[in-house]
Amino acid sequence: MYVFTPIEGQTRGLTYDSLKARLLERDPDEFIRNQEGGQIRGSAMHYSITLDGEELEGYARVQPEGISILDATAQAAANFVGWLREQRRPGRCGDDVQHRMGAGRGSA
């Protein structure tokens, strides 16, 4: 899993509505599901995106702000970051993105 967050103190202005609109603009058949959460986990948006013929799945959270892709190669993650950068909004953080690799599914 690759998780992408804005640099501390900055924001990408992530909203589920704007992410959904951008995903559906690319492909009206993309999978998107919003999941309401409680006070501990919060809400999340699960989605799919196809880049360079590879279907990726991920999720996004508004608080704390971040977006991820699951089970992806480094190249797929780089392609995803490229797409994210194309989607940036004026006045929001630009090319500065921090990432961290998370544990894969089923890993402790």
Is there a side-chain contact between [X] and [Y] in this structure, where contact means two heavy atoms from C-beta onward sitting under 4.5 Å apart?
| X | Y | value |
| --- | --- | --- |
| M45 | R33 | no |
| Y2 | V81 | no |
| L56 | L70 | no |
| I69 | Y47 | yes |

**Item:** Which residues share a side-chain hydrogen bond (donor to acceptor under 3.5 Å, both in side chains) with E54, sequence neighbours left out
**Value:** none
**Residues which pass side-chain hydrogen bond (donor to acceptor under 3.5 Å, both in side chains) with Q75, listed by chain and number, not counting sequence neighbours** = N79
**Message:** Working note: E57 + D71, criterion side-chain contact (heavy atoms from CB on, under 4.5 Å); need CA distance, chi angles, decisive distance, verdict.
**Reply:** CA-CA 8 Å; E57 292 183 30; D71 301 325; over 6 Å; no
Nearest heavy-atom neighbours spanning [X] and [Y]:
| X | Y | value |
| --- | --- | --- |
| L23 | S48 | CD2-O, 4.1 Å |
| I49 | R26 | CG1-NH1, 3.5 Å |
| G13 | E65 | N-OE2, 3.2 Å |

**Message:** I'd like to know if the side chain of R22 and the backbone of L84 have a donor-acceptor N/O pair within less than 3.5 Å.
**Reply:** no
**Message:** Using modelled atom types and a 3.5 Å cut-off, is there a donor and acceptor pairing between side-chain atoms of Y16 and backbone atoms of S43?
**Reply:** yes
**Message:** Set out, in order, the CA-CA distance, both residues' side-chain angles and the distance that settles side-chain contact (heavy atoms from CB on, under 4.5 Å) for T15 and L19, then state yes or no.
**Reply:** CA-CA 6 Å; T15 68; L19 179 58; over 6 Å; no
**Prompt:** If you group Ile, Leu, Val, Met, Phe, Trp and Tyr by side-chain heavy-atom gaps below 4.5 Å, do F31 and L24 land in one group?
**Reply:** no
**Prompt:** Where do R85 and F80 land on the side-chain contact (heavy atoms from CB on, under 4.5 Å) test, with the steps shown first?
**Reply:** CA-CA 9 Å; R85 286 181 174 157; F80 184 71; over 6 Å; no
**Item:** Contacts of type side chain to side chain contact (heavy atoms under 4.5 Å, CB included), residue A44, not counting sequence neighbours
**Value:** H46, R61
